Chemist: 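After the C-alpha cells below, expect a handful of questions from me.
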Amino acid sequence: MAIYAGRTEIPKFHKHIMTYEEMSALAREQENNQKDKPKVQQVVKDKVTFSSEGMKSAREMREYLNENGLNFTRDIKAEFEELDKQLRTKYMDYTNNFLSEMQEVIDEERKTWGNEASVHSFDNSIALTAKAYQVVHDRIVDEFARKDRETTYVIDEETGERREETVDDRLAELDLAYDRYTTFVAASKKAMAQIKETFGGVKLPEKPGEIEKKTKEAYMEAVSEKNLQRMRRKVGAFGDYRPQLSLSSYWEGVLKTIW
C-alpha cells in the first residue's frame, strides 16, 4: 500500500455490525421467504432421550462456553469498534514512512524537471528536500481537513491513554523525520570535509564542525514558513524553488565546495 501523509492506508476493519433488531428482522424475512417455497415431505424422526449424566454434561459444557467464548451477553459491536481503534493507533516511530514519502516526491520532481533537478549540487539538494517537506506537510494538513477522514489515534505520552490524533501530532512526526534526515546530511558533509583535508590534501577555509553546523542551519531555514510559501508557487524552472537563505555568499561558496 502506498504511503500518503506519513501513513499507509489502513483498511476499515468493519463497515457495519448488525444490531439485534436487524438480525431479528433478517430472520423474519428469511422465515417468510421459506413459507413461500413449496413444502417438501416431512420425515418423521424418532424422539431421543438423554440420561441424567448426559444432561449434566450438557449443562456443564454450556456453562463453559458461556464463560470462555460463546457468552452472548458480550457487546460484540463494542469489541469490534475497540479493535478497529487499536488498528488505527500509532504505536511506533513513523520516521521511515515520512522519509520514503519524501524520497518519492524528490523522484517525481527530478522526473518532472529533468536535468534541472538532477544535477548534484548544494542548491538542488536543499531545494529538493525542502520541496518534498512542503508537499508532505500540505498532504497532512489536507488529510486532517477532510470531513470524510477516518479517525486515527495515538498513545498520549503523558497519560499513556489512547486519544484521537491531531494534525499537530502528525506534523510533529514529519518535523522529527526531517530533523533526523538533515542531521545525517550535515554529519555526512562534516565527514566529507575531513576526508578532503586528510586524504585529498585540500585545506578548507572552515573547520569540519562549522561546516556541519552551517549545513544543518541551511536545511532548517529552507522549510521556514516563508520558504514553504515559495515552494507552493507555480514556477517555470526548478531553480525558482531555491529557498531564500540567510547564508552569506562566503558560506554558500564553502558549502558548495563539498557537494
Side-chain angles (χ1 to χ4, degrees), residues 3 6 92-140 171-259:
I3 299 173
M92 56 183 291
D93 181 5
Y94 283 95
T95 296
N96 287 337
N97 272 11
F98 281 114
L99 295 180
S100 295
E101 187 175 2
M102 287 176 61
Q103 186 58 53
E104 289 177 1
V105 175
I106 289 173
D107 293 341
E108 291 170 2
E109 291 296 322
R110 284 174 173 160
K111 184 177 179 181
T112 299
W113 297 102
N115 289 335
E116 282 187 77
S118 297
V119 174
H120 186 66
S121 67
F122 168 73
D123 289 341
N124 278 354
S125 176
I126 203 164
L128 282 168
T129 308
K131 179 62 179 175
Y133 175 95
Q134 173 261 307
V135 170
V136 178
H137 176 284
D138 291 355
R139 286 177 179 176
I140 294 171
L171 289 174
E173 285 188 41
L174 173 61
D175 288 341
L176 177 61
Y178 186 83
D179 178 71
R180 288 179 176 176
Y181 173 73
T182 54
T183 296
F184 169 77
V185 172
S188 69
K189 297 310 171 185
K190 174 185 177 181
M192 187 176 295
Q194 292 171 331
I195 291 172
K196 281 180 175 291
E197 287 192 333
T198 304
F199 301 103
V202 177
K203 182 60 178 177
L204 296 173
E206 296 291 341
K207 295 180 179 180
E210 286 300 310
I211 290 175
E212 177 185 27
K213 179 182 176 182
K214 285 295 183 180
T215 300
K216 176 68 175 181
E217 290 175 354
Y219 274 93
M220 298 308 294
E221 188 177 2
V223 293
S224 65
E225 186 56 39
K226 174 188 68 176
N227 280 315
L228 292 183
Q229 291 297 343
R230 287 177 58 83
M231 296 294 166
R232 295 184 179 107
R233 301 175 305 162
K234 289 186 177 181
V235 297
F238 181 75
D240 295 336
Y241 280 139
R242 181 183 176 186
Q244 292 182 340
L245 305 176
S246 58
L247 281 175
S248 65
S249 57
Y250 166 78
W251 265 108
E252 281 197 22
V254 172
L255 295 183
K256 288 178 180 179
T257 62
I258 60 171
W259 238 264

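As the structure is a prediction and not an experimental result, all values here were calculated from the model. Numbers for residues simply follow the sequence, beginning at 1.
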Chemist: Could you pull out every donor-acceptor pair under 3.5 Å between side chains of residues 109-119 and any protein atom, sequence neighbours left out?
Modeler:
unit_1, atom_1, unit_2, atom_2, d
E109, OE1, W113, NE1, 3.0
T112, OG1, E108, O, 2.9
E116, OE1, F238, N, 3.1
S118, OG, G114, O, 2.9

Chemist: Quick check against the 3.5 Å criterion: does Y178 have a side-chain atom that pairs as donor or acceptor with the backbone of Y219?
Modeler: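 Yes: the side chain of Y178 pairs with the backbone of Y219.
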Chemist: Work out which heavy atom in A130 is nearest to a heavy atom in M231; give both atom names and the distance.
Modeler: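 Closest heavy-atom pair between A130 and M231: CB-CE, 3.5 Å.
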Chemist: Are the side chain of E101 and the backbone of G6 linked by a donor-acceptor contact shorter than 3.5 Å?
Modeler: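 Here the side-chain-to-backbone pair exists.
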Chemist: Has K226 got more than 12 heavy atoms of other residues, nucleotides or ligands less than 6.0 Å from its NZ?
Modeler: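 It does: K226 NZ has more than 12 such atoms within range.
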Chemist: Can you tell if the side chain of I126 reaches within under 4.5 Å of the side chain of W259, non-hydrogen atoms only?
Modeler: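 No - every pair of side-chain heavy atoms lies 4.5 Å or more apart.
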Chemist: Using atom types as modelled, flag every donor-acceptor pair under 3.5 Å from a side chain in residues 247-254 to any protein atom, sequence neighbours excluded.
Modeler:
unit_1, atom_1, unit_2, atom_2, d
S248, OG, W251, N, 3.2
Y250, OH, E206, OE2, 2.7
E252, OE1, R242, NH2, 2.6
E252, OE2, R242, NH2, 3.2

Chemist: Considering only NZ, NE, NH1 and NH2 on the basic side and carboxylate oxygens on the acidic side, decide whether R232 and D138 come within less than 4.0 Å.
Modeler: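 Judged by the 4.0 Å cut-off on N to carboxylate O distance, R232 and D138 do form a salt bridge.
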Chemist: Using atom types as modelled and distance alone, determine if a side-chain donor or acceptor of S224 lies under 3.5 Å from a backbone N or O of E221.
Modeler: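 Such a contact is found between S224 side chain and E221 backbone.
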Chemist: First locate atom CD1 of I258, then atom CD of E212, and finally report the distance between them rounded to the nearest 0.5 Å.
Modeler: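 The distance works out to 10.0 Å.
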Chemist: May I ask you to test the K216-D179 pair for a side-chain heavy-atom distance under 4.5 Å?
Modeler: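 The answer is yes; the side chains approach within 4.5 Å.
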Chemist: Specify the closest pair of heavy atoms between D240 and R230, including all atoms of both residues, with the distance to one decimal.
Modeler: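 Smallest interatomic distance, heavy atoms only, reads O-NH2, 3.3 Å.
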Chemist: Do other residues, nucleotides or ligands put more than 12 heavy atoms under 6.0 Å from K256 NZ?
Modeler: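 Result for NZ/K256: enclosed.
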Chemist: I want to check something: taking the side chain as every heavy atom from C-beta on, are E173 and L176 in contact at a cut-off of under 4.5 Å?
Modeler: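 Side chain of E173 against side chain of L176, heavy atoms only: no contact under 4.5 Å found.
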Chemist: Are a donor atom and an acceptor atom from the side chains of D123 and S121 found within less than 3.5 Å of each other?
Modeler: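 Their side chains do not contain a donor-acceptor pair, so the 3.5 Å distance test is not met.
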Chemist: Could you tell me whether the side chain of I3 reaches within less than 4.5 Å of the side chain of Y94, counting heavy atoms only?
Modeler: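 Contact flag for Y94/I3 side chains = no.
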Chemist: Throw together a table of side-chain donor-acceptor distances under 3.5 angstrom for residues 184-202, partners on residues two or more places apart or in other chains.
Modeler:
unit_1, atom_1, unit_2, atom_2, d
S188, OG, V185, O, 2.6
E197, OE2, L204, N, 3.3
T198, OG1, Q194, O, 2.8

Chemist: Of the non-hydrogen atoms in A132 and I106, which two are nearest, and what is the gap between them?
Modeler: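 So the two residues come closest at CB-CG1, 3.8 Å.
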Chemist: Using 0.5 Å steps for rounding, measure from the CG atom of D107 to the CE atom of M102.
Modeler: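 D107 atom CG to M102 atom CE measures 12.0 Å (nearest 0.5 Å).
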Chemist: Backbone N or O of A177 within a donor-acceptor pair of the R180 side chain at under 3.5 Å?
Modeler: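 Checking the backbone N and O of A177 against the side chain of R180, no donor-acceptor pair under 3.5 Å is found.
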Chemist: With a 4.5 Å cut-off on side-chain heavy atoms, are Q134 and V223 touching?
Modeler: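 V223 vs Q134: side chains apart.
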Chemist: Given side chains that start at C-beta, do those of Y133 and V105 come closer than 4.5 Å, heavy atoms only?
Modeler: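 SC-SC contact between Y133 and V105 ruled out.
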Chemist: Apply the test side chain to side chain contact (heavy atoms under 4.5 Å, CB included) to residues R139 and V135: give CA-CA distance (whole Å), side-chain angles for both, the deciding distance (0.1 Å), then the verdict.
Modeler: CA-CA 6 Å; R139 286 177 179 176; V135 170; 3.7 Å; yes
